[in-house]
Amino acid sequence: MNIFYYDVAVDIPVRRCFTYKSISKIKKGTRVTVPFGRKTLIGIVIKVSSISTSIVKTSAIKEIISVDDQYICFKKPLFNTLLWASEYYHHPIGEVFLSFLPSILRKQTNKSIINIDESSNYKINSTDKNFDLTSEQEIALKKLKKIEEFNPTLIYGVTGSGKTEIYLRLVEKLVQEKKSVLILVPEINLVPQMLDRFKKRFDGEIGAYHSKLTPNQRLKIWLKSRLGGLKIVIGTRSAVMMPLKNIGAIIIDEEHDQSYKQSEGFKFSGRDLAIKRAQLENIPIYLGSATPSLQTLKLVKEKKFKQVNLLNRIDGKKPPKLIPLDISNSPLIGGIAMQTMGIIQSTIAKGEQALIFINRRGFAPLYECDACGWVAKCNSCESNLVFHKSKNRLICHKCESIYGVNDECPDCYSKEINLQGYGTERVEEVLENAFKKIPIIRFDYDSTRLKGAIESIYEKVHSNDAAILVGTQMLSKGHDFPKVTLCVILNADSGLISPEINALEKISQQLIQVSGRAGRNNNLAKVIIQTRYPDDINLKQIKTGNYQKFADQCLQNNKNLDLPPYSHVCILRTSSPKSKGSIDLLQKVSLFLAKKKGISLIGPLPSIPSMIKGNVRHHLIIKASSRSYLNRVLKSLIKDLENWPEIKKTKWSFDIDPYDMS
Ligand code: ADP
Ligand code: ZN
Ligand code: ZN
């Protein structure tokens with residue numbers, strides 16, 4: 001009897017597989033149950049061989065308990081994408097593979113096969129297409145339709161230029177060819193709107209895959225996709241590995257958006273993973289944006305990506321003007337200058353809507369004693385508590401711990417507690433007091449959390465005329481609010497004067513995205529930027545609205561300074577209950593890396609915040625000019641580091657291509 005040996009990746013944080021045996025022939029990418037210590041675990045078969053390559057004695061190798069599905073979970077292109085991801089991100093292989101399975105399949109072996117109607121067909125609803133494409137759209141679509149294989153293409157289109165319509169037409173073609181398609185959006189809040197557009201165009205089931213689904217819903221959509229019963233799926237980054245049968249293309253909307261990056265656990269970029277997948281599937285991938293990332297623009301310059309342009313709005317209108325408003329000498333009420341109040345007033349008097357943009361949620365970011373200067377802080381994070389008036393609670397925005405409110409200072413018993421600064425709730429309150437009869441609609445993490453909340457916010461915005469929306473950067477993304485003719489950015493300065501290396505890319509994208517929300521139906525729309533630096537040279541550039549030109553300058557600048565995307569960065573993050581633990585490990589790493597040529601280091605530095613959930617945090621920035629070289633160095637570092645005694649008490653993780661450098 002033949003015995004086969006299998007390397008299996010299980011859901012634990014180690015950077016290797018474990019060997020098992022079986023008399024059955026099992027294919028790579030299949031889900032199996034294996035014994036592990038006294039437990040059993042679910043794993044994925046990574047390697048098959050007829051002789052054991054394990055260091056464990058052949059007789060001691062344990063047997064696979066069961067093969068869990070009649071299908072392969074990760075077929076070849078997906079399998080290879082994930083293998084690549086675990087190498088590229090230097091993340092434990094089991095966690096990489098299993099994080100893309102619906103949670104039920106990560107835990108259970110029972111085969112909950114559902115009935116799949118294999119004959120899923122889509123009918124194109126022609127009443128949804130009662131217009132002709134503009135000539136710009138025609139040209140773009142013609143070029144895009146010609147692409148049959150992997151050939152990443154940027155669709156650079158200003159807001160309202162008809163990008164989504166292009167996506168719809170591309171999907172029509174795929175559907176006619178009986179192929180499936182994956183459409184990614186950066187944030188869960190953008191799913192309903194995209195879903196709505198697709199439902200209007202196609203009769204047939206369209207899948208939505210994101211974190212707010214129940215485990216059963218996720219399982220169902222995943223299985224339906226895997227077995228061919230679902231051919232159009234719209235989702236967030238967690239959908240990037242949807243096992244769609246016969247996939248024909250991937251569309252990434254708002255490709256520049258930082259929300260594609262997962263910042264906890266397995267830190268991957270959904271966009272980059274999608275590009276790798278498209279390459280291994282050898283299918284087209286379309287990246288849409290009004291403010292493309294520097295990384296994508298660089299690849300276009302190097303002719304590795306193609307670009308098509310949609311430079312005009314469908315309605316023929318110019319994008320609204322960006323107007324810096326000097327607030328250095330004006331008093332602010334909840335962050336709003338008097339002059340701004342006047343502009344809001346005249347906007348709503350015309351029955352139009354205004355959008356107020358503030359990068360902080362809650363009521364006040366500082367709960368402070370006037371007498372002794374005590375500030376409310378989280379017990380387990382080095383982070384100030386934010387006062388949330390609607391809940392009458394203090395909340396830590398790092399760990400979401402909730403604290404009661406005491407009206408007395410715990411240090412000096414003074415009753416003079418002061419609320420410093422402002423967030424969305426306070427701005428909302430100020431506006432409610434100033435404009436009594438006008439609906440004020442808040443759009444932030446807190447107000448959109450519950451199921452159906454987004455839909456009811458949309459309903460409220462669309463059914464009212466005069467209204468004011470107050471929101472965080474969530475509000476600046478991709479939403480379609482036709483009655484908005486005024487946008488106000490309350491605090492742009494924190495972005496303009498930030499020392500972070502990608503701060504300018506971020507703030508220019510934000511300002512231009514926000515301006516895209518205004519004036520979809522109105523020529524006189526404007527965007528007010530409250531600032532103390534109205535003459536800032538970058539602000540002047542951004543103000544012209546010519547993003548591509550500004551981005552070109554940023555690229556040139558980064559090239560001169562050898563910054564990403566012209567160099568490659570990795571951050572090693574450590575955390576430990578004792579400060580010494582987390583810093584000592586990084587110092588040892590610094591010594592190790594100092595011997596390597598062509599690597600530059602910044603740090604170790606304390607992270608911001610310096611403590612989360614009782615653990616002190618530090619990080620080390622590691623930079624190299626070649627990606628493959630950086631990868632090799634990190635690999636040799638990990639090999640060494642895994643044997644160091646220091647890692648027993650200190651957690652460490654890599655953040656490859658980090659977005660947040662603090
Ligand atoms: P974007 O995704 O670039 O913001 P959309 O595709 O949402 O742009 O288009 C903006 C609006 O214009 C939508 O309401 C869309 O239905 C409409 N639209 C798109 N293309 C055309 C066209 N060729 N003629 C008329 N209306 C169009
Ligand atoms: Zn006090
Ligand atoms: Zn906390």
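Order of appearance sets the numbers: ligands from 1, and atoms from 1 within every ligand. Below, all heavy atoms of this structure are taken into account, side chains as well, without hydrogens, waters or symmetry copies.
- Residue G162 places at least one N or O, backbone or side chain, under 3.5 Å from an N or O of ligand 1.
- For a distance bound of 2.8 Å, the N, O or S atoms of H397 include none lying that close to the Zn ion (ligand 3).
- Of all the heavy atoms of T164, the ones lying under 4.0 Å from any atom of ligand 1 are found in both the backbone and the side chain.
- Taking a cut-off of under 4.0 Å to the non-hydrogen atoms of D132, the atoms of ligand 1 that pass are 22 (C), 23 (N), 24 (N).
- Centred on the Zn ion (ligand 2), the angle running from C372 (SG) to C369 (SG) is recorded as 110°, rounding to 10°.
- In terms of heavy-atom proximity, I358 sits nearest to Y422 at CD1-CE1, 3.3 Å.
- Residue-to-ligand polar distances place G160 within reach of ligand 1: an N/O pair is separated by less than 3.5 Å.
- Look at R197 and you'll find a heavy atom under 4.0 Å from some atom of ligand 1.
- Less than 4.0 angstrom separates some heavy atom of K163 from each of these atoms of ligand 1: 1 (P), 2 (O), 3 (O), 6 (O), 8 (O).
- For ligand 1, the atoms closer than 4.0 angstrom to any heavy atom of E165 are 6 (O), 19 (C), 20 (N).
- Salt bridge R237/D257: absent, no basic N to carboxylate O contact under 4.0 Å.
- At least one side-chain heavy atom of L184 sits under 4.5 Å from a side-chain heavy atom of Y260.
- Residue I314 holds the heavy atom nearest to atom 27 (C) of ligand 1 of all those in L168, I314, L133.
- Rounded to the nearest 10 degrees, the angle SG (C409) to the Zn ion (ligand 2) to SG (C412) equals 110°.
- A salt bridge does not link E428 to K389: none of the charged nitrogens lies less than 4.0 Å from a carboxylate oxygen.
- Ligand 1 is never approached by G157 to a heavy-atom distance shorter than 4.0 Å.
- Proximity of I166 to ligand 1, defined as any heavy-atom pair under 4.0 Å, is not found for any part of the residue.
- Using cut-offs of 30° and 60° for the angle between ring planes, the H388 and H397 rings count as perpendicular.
- Under 4.0 Å is where a charged nitrogen must lie from a carboxylate oxygen, and between E254 and R271 no such pair does.
- Using a cutoff of 4.0 Å between basic side-chain nitrogens and carboxylate oxygens, E138 and K142 are not scored as salt-bridged.
- Geometry note: the Zn ion (ligand 3) is the vertex, C378 SG and C399 SG are the arms, and the angle is 110° (rounded to 10 degrees).
- Taking the six-membered ring where tryptophan is involved, the planes of Y458 and F481 are tilted, since the angle between them lies from 30° to 60°.
- Geometry at the Zn ion (ligand 3): SG/C381 and SG/C396 form an angle of 110°, nearest 10 degrees.
- Checked by distance only, ligand 1 and T159 stay at 3.5 Å or farther apart across all their nitrogen or oxygen atoms.
- Using a 4.0 Å cut-off between charged nitrogen and carboxylate oxygen, E408 and K415 count as a salt-bridge pair.
- Ring-plane geometry between W652 and F654 is classed as perpendicular, the angle between the planes exceeding 60 degrees on a 0 to 90 degree scale with a lower cut at 30.
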